[in-house]
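One structure is given below, encoded as structure tokens.
Below, chains carry the letters A, B, ... as their sequence lines are ordered, and counting in each starts from 1.
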There are 2 protein chains.
Amino acid sequence: MKTSIPTLSEQMRDGNLFAEQCPSRDVLKHVTSRWGVLILVALRQGTHRFSDLRRKMGGVSEKMLAQSLQALEQDGFVDRVSYPVVPPHVEYSLTPLGVEVSEKVADLADWIEVNTPQVLAHRDDRAA
Amino acid sequence: MKTSIPTLSEQMRDGNLFAEQCPSRDVLKHVTSRWGVLILVALRQGTHRFSDLRRKMGGVSEKMLAQSLQALEQDGFVDRVSYPVVPPHVEYSLTPLGVEVSEKVADLADWIEVNTPQVLAHRDDRAA
DNA sequence: CAGCATCCACGATGATACTG
DNA sequence: CAGTATCATCGTGGATGCTG
């Protein structure tokens, strides 16, 4: 029989975001990063080239886009295919795992886009 | 009849995260911030006091917790009730709007907690 | 207990220039 | 085209100390 306080072992079985040094926090960081969110959402509409993504997302620098893509690629969310031609041609797409997270992320993103007016209204209320 | 390229007006009707200066990006930032996510998820289990939250989330400083709570309060996601007693007593809870976002956020957080092992496995593969 | 003010360190981010 | 390298900077986040 188990103890009546199995919270620790149970919570750590997978990942526990409330635990300070849990690796799941890094995953969360990558996925919810400023550009990570936009990349995941954008790739839901299909394969994109580097400059396509860059043009699609307002205000991202080459450096940050490349860096964010690498993080998502390392985590297994994004697939990178490079065609050794001149000029270079690289295509980014979602992996099966990436499709899954992107759904969650897109749900959140959609909600925010729809409800931002409400948030702004609330801010105005307090200001008054 | 509308033009065949209504993308701009349609996309801007609510919020458009892909637009550089859209206020929805601020909302996204607050909600997906390092501690914002944890706060929203934690408050789903009911009202919490300041120190309860602080104890629950590993590694958060007083400053960042207070700051993150203020942002979420301003956006109308979190309700703050202060009891003018000695010692001070303040309770935080989710507003109806906050309950909605927290669902999306919790879905994402849950997915990450469950699938972090897969991500870690993928990282190991590349390292090898 | 809750939280604000201040100072400080570091990482994230951006502009620019260069390369395969 | 798709990056990488470098440098400058700006913000985030933490430690500390003080107050109601």
Taking any heavy-atom pair under 4.0 Å as a contact, classify [X]: base, sugar-phosphate, or nothing.
X	answer
B:Pro87	sugar-phosphate
A:Gln70	sugar-phosphate
A:Arg80	sugar-phosphate

Next item on the list: Using a strict 4.0 Å threshold on nitrogen-to-oxygen distance, state whether A:Glu73 and B:Arg126 make a salt bridge.
Entry: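 The answer is yes: the pair qualifies as a salt bridge.
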
Rounded interatomic separation in angstrom, taking [atom1] from [X] and [atom2] from [N]:
X	N	atom1	atom2	result
A:Tyr83	D:dC1	OH	C1'	15 Å
A:Arg34	D:dG11	CZ	C1'	11 Å
A:Arg25	C:dG11	CZ	P	17 Å
B:His89	C:dG3	NE2	P	11 Å
B:Trp35	D:dG13	CH2	P	8 Å
A:Leu69	D:dT4	CG	P	10 Å
A:Glu62	D:dT4	CD	C1'	10 Å
A:Met64	C:dA15	CE	P	12 Å

Notebook entry, point to check: DNA chain C: A:Ser68 or B:Gln67, which has the more 5' nearest nucleotide?
Noted result: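 Its nearest nucleotide lies further toward 5', so the answer is B:Gln67.
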
Notebook entry, point to check: When the ring planes of A:His89 and A:Tyr83 are compared, do they come out parallel, tilted or perpendicular, using 30° and 60° as the limits?
Noted result: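 A:His89 and A:Tyr83: perpendicular rings.
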
Checklist line | Residue whose closest nucleotide on DNA chain D lies nearer the 5' end, A:Arg55 versus B:Ser33 | finding: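 Between the two, 5'-proximity favours A:Arg55.
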
Check: Between A:Leu108 and B:Thr32, does a side-chain contact (heavy atoms from CB on, under 4.5 Å) hold up when you go through it step by step?
Finding: CA-CA 10 Å; A:Leu108 175 61; B:Thr32 63; 3.9 Å; yes

Margin query: Measuring from atom CE of A:Met57 to atom CE of A:Met64, what distance do you get when rounded to the nearest 0.5 angstrom?
Written below: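 Output value for this atom pair is 9.5 Å.
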
Notebook entry, point to check: Within the pair B:Tyr92 and C:dC1, is there a side-chain N or O less than 4.0 Å away from OP1 or OP2?
Noted result: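 Negative; the distance criterion is not met.
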
Margin query: With side-chain contact (heavy atoms from CB on, under 4.5 Å) as the criterion, how do B:Trp111 and A:Val101 come out once you've worked through the C-alpha distance, each side chain's angles and the decisive distance to 0.1 Å?
Written below: CA-CA 7 Å; B:Trp111 189 94; A:Val101 235; 3.4 Å; yes

Checklist line | Listed nucleotide nearest any side-chain atom of B:Lys63, set D:dG14, C:dC4, C:dG14 | finding: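 Shortest atom-to-atom distance from the side chain points to D:dG14.
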
